[in-house]
Amino acid sequence: MEQLTLTTPALLFSAISLIMLAYTNRFLAYASIIRNLHDKYIQKKDSVLIAQIKNIKQRLYLTRSMQIFGISSLLLCVLTMLLIYIQQHNIAVWVFGFALLLLIISLGLLIIEIQISVKALEHHISDIENN
């Protein structure tokens, strides 16, 4: 294996930052949707709204987990850089590997969340097609 340098974990900073921006945008969109669903539910307690609320709640929790794993990955990249700086290369390699694993988990959760989102949108499309 080639030597792990300070630039290797630093390369992930921009990628993780962009991913976190996308996750935050999703989170803010869900917050807006939840507020709208809440207002609609207060006006009319409909079972369809309850199903939508359950769906968005599941997606919200997935997004929270995605953010936690992504941020943890970024923190471990910073720790890797510190370990390289203080000449702890063996530990740095393991920490960086764990950071990559957390990023993989975060992206895997994103795939699951996208599948749930598409399924929710398919319900809306089928309502339009059936009318």
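Here the structure is a predicted model, which means the values were calculated and not measured.
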Does [X] belong to the same Ile/Leu/Val/Met/Phe/Trp/Tyr cluster as [Y], with side-chain heavy atoms less than 4.5 Å apart forming each link?
X    : Y    : result
W94  : I105 : no
L11  : Y85  : no
F13  : I104 : no
L107 : V118 : yes
M66  : I111 : no

T8 side chain to L4 backbone, donor-acceptor under 3.5 Å:
no
So do the side chains of [X] and [Y] get within less than 4.5 Å of each other, counting heavy atoms only?
X   : Y   : result
I91 : Q88 : yes
R64 : Y61 : yes
I34 : I53 : no
I84 : T5  : no

Rounded to the nearest 0.5 Å, how far apart are [atom1] of [X] and [atom2] of [Y]?
X    : Y    : atom1 : atom2 : value
I112 : S117 : CD1   : OG    : 12.0 Å
T7   : L12  : OG1   : CG    : 11.0 Å
N55  : I33  : CG    : CD1   : 9.5 Å
K40  : I42  : NZ    : CD1   : 13.5 Å

Would L62 and L110 count as a side-chain contact (heavy atoms from CB on, under 4.5 Å) here? Give the steps.
CA-CA 8 Å; L62 274 171; L110 176 60; over 6 Å; no
Quick test of your reading: applying salt bridge (Lys or Arg N to Asp or Glu O under 4.0 Å), list the pairs with at least one residue in residues 6-33, sequence neighbours left out, ordered by first then second residue.
R26-E113
Taking [atom1] in [X] as the centre, count heavy atoms belonging to other residues, nucleotides or ligands within less than 6.0 Å. Is the count above 12?
X   : atom1 : answer
K45 : NZ    : yes
N90 : CG    : no
H89 : NE2   : yes

With sequence neighbours left out, what residues match S106 under side-chain hydrogen bond (donor to acceptor under 3.5 Å, both in side chains)?
Y23
Anything under 3.5 Å between a donor and an acceptor, one on a side chain of residues 67-83, the other on a protein residue two or more places apart or in another chain? List them.
from : atom 1 : to  : atom 2 : distance (Å)
S72  : OG     : I68 : O      : 2.8
S73  : OG     : A99 : O      : 2.8
T80  : OG1    : L76 : O      : 2.8
T80  : OG1    : F96 : N      : 3.3

